[in-house]
Amino acid sequence: MIPKGLFTQIAMVIVSVAIIITYVKPTFTQIGEVQDEIGVYRSEREDKVGVVIDKLEVLISKLNSVSVEDERRLRAYLPEKIDDIAVLRDLILITEAAGVEYIDSSYVGNVTQDRGRQSRGASNVTVSESLNQPKPHQLSLSVEGTYNQLKNLFLLLEKNKYPLEVHALSISAKEGGFLSATMSLVTYEYQAPITDNTLSYE
């Protein structure tokens, strides 16, 4: 006859084995699977971070390779802020160099562009920031001169150190073979792109 104490011990061993088989072992297996997934995630994350760092290093290298003179020209060609008084002053200097008679000039304001259409308004009208495009500004210029003088004027506008695009032009004949020209000019300022500062590793 099996002693009662021994029977109890055997029963406890059987229960312990059952617990190990039905609960502890699956739990360890699950923990192992989670650890494997964490390892894969960590590896993929490190790979993606490495790719981002490599791209940043390439961009920084390109930025550092730009000469001071090229940077100065770029800032002049596409400034962060348009100085309308300076642009109007430049228009007067260009008309003088072209030999035409300066009549008038004015800063009209920002130009809003929407799918090829343009609407011109006050200076507080802005381009949609989501476009991440240079912000256009409109000016008007009125001059008088000969045909050749006007050709000179347009040539100098084209060769200017920053864009002065002719978007509208009206020419009428004057006495003595002179021409009167009124034009709408557009120049641009840099508009910083909208970026998401959060990095996603998904």
Side-chain angles (χ1 to χ4, degrees), residues 26-94 97 105 107-139 141 154-168 183-202:
T27 301
F28 276 117
T29 302
Q30 187 177 9
I31 291 173
E33 291 174 351
V34 171
Q35 288 177 335
D36 289 342
E37 291 177 0
I38 292 173
V40 171
Y41 170 78
R42 183 177 298 157
S43 176
E44 290 183 355
R45 185 183 65 178
E46 290 174 354
D47 289 343
K48 289 183 178 180
V49 170
V51 170
V52 172
I53 292 174
D54 290 343
K55 288 182 179 180
L56 285 175
E57 287 177 351
V58 170
L59 292 175
I60 292 172
S61 176
K62 288 182 178 179
L63 180 62
N64 292 336
S65 67
V66 177
S67 68
V68 175
E69 179 62 18
D70 286 341
E71 185 177 350
R72 184 190 65 79
R73 290 179 179 177
L74 178 60
R75 291 185 182 276
Y77 187 82
L78 199 60
E80 294 182 358
K81 185 69 177 177
I82 289 294
D83 183 349
D84 53 296
I85 295 176
V87 176
L88 293 175
R89 178 202 63 208
D90 289 345
L91 288 178
I92 295 174
L93 295 175
I94 290 173
S105 64
Y107 173 73
V108 179
N110 295 354
V111 182
T112 301
Q113 295 177 327
D114 182 17
R115 295 182 181 179
R117 296 179 302 171
Q118 293 185 355
S119 58
R120 299 171 178 84
S123 59
N124 61 351
V125 179
T126 59
V127 176
S128 173
E129 292 184 354
S130 63
L131 295 178
N132 292 334
Q133 295 178 347
K135 185 183 295 184
H137 291 258
Q138 181 190 352
L139 305 103
L141 174 65
F154 293 127
L155 182 62
L156 291 176
L157 289 174
E158 184 179 352
K159 290 183 176 181
N160 191 52
K161 61 184 177 181
Y162 54 85
L164 282 172
E165 300 175 354
V166 179
H167 280 216
M183 64 197 75
S184 172
L185 301 171
V186 172
T187 189
Y188 300 89
E189 72 181 17
Y190 173 73
Q191 181 169 284
I194 298 174
T195 57
D196 186 357
N197 293 327
T198 60
L199 291 177
S200 174
Y201 301 110
E202 297 179 358

Query - Full working for side chain to side chain donor-acceptor pair (under 3.5 Å) between Q138 and S184 - result: CA-CA 7 Å; Q138 181 190 352; S184 172; 3.0 Å; yes
Donor-acceptor pairs under 3.5 angstrom involving side-chain atoms of residues 51-61: please list them, not counting sequence neighbours.
none

Query raised in the report: Any side-chain heavy atom of L157 within less than 4.5 Å of one from M183?
Result: yes
Query raised in the report: What distance separates F154 CZ from L164 CG, expressed to the nearest 0.5 Å?
Result: 12.0 Å
Report task. For E189, check side-chain hydrogen bond (donor to acceptor under 3.5 Å, both in side chains) against everything at least two apart and list the hits. Result -> H137
**Report entry** Counterpart residues, side-chain contact (heavy atoms from CB on, under 4.5 Å), relative to L155 (two or more places apart)
**Finding:** K159
Query - Minimum heavy-atom distance S105-L141, with the two atoms named - result: CB-CD1, 3.9 Å
Requested in this report: Give the intermediate values and the outcome of side chain to side chain contact (heavy atoms under 4.5 Å, CB included) for residues H167 and L185.
Outcome: CA-CA 6 Å; H167 280 216; L185 301 171; over 6 Å; no
Report summary line: One should read off an interatomic distance between N160 CG and L93 CG, to the nearest 0.5 angstrom, of 10.0 Å
Show me the donor-acceptor pairs, under 3.5 Å and distance only, between side chains in residues 80-92 and residues at least two apart or in other chains.
from : atom 1 : to   : atom 2 : distance (Å)
D83  : OD1    : I85  : N      : 3.3
D83  : OD1    : A86  : N      : 3.4
D90  : OD2    : Y162 : OH     : 2.7

Report task. List the steps, then state whether side chain to side chain donor-acceptor pair (under 3.5 Å) holds for Y188 with E165. Result -> CA-CA 9 Å; Y188 300 89; E165 300 175 354; 2.7 Å; yes
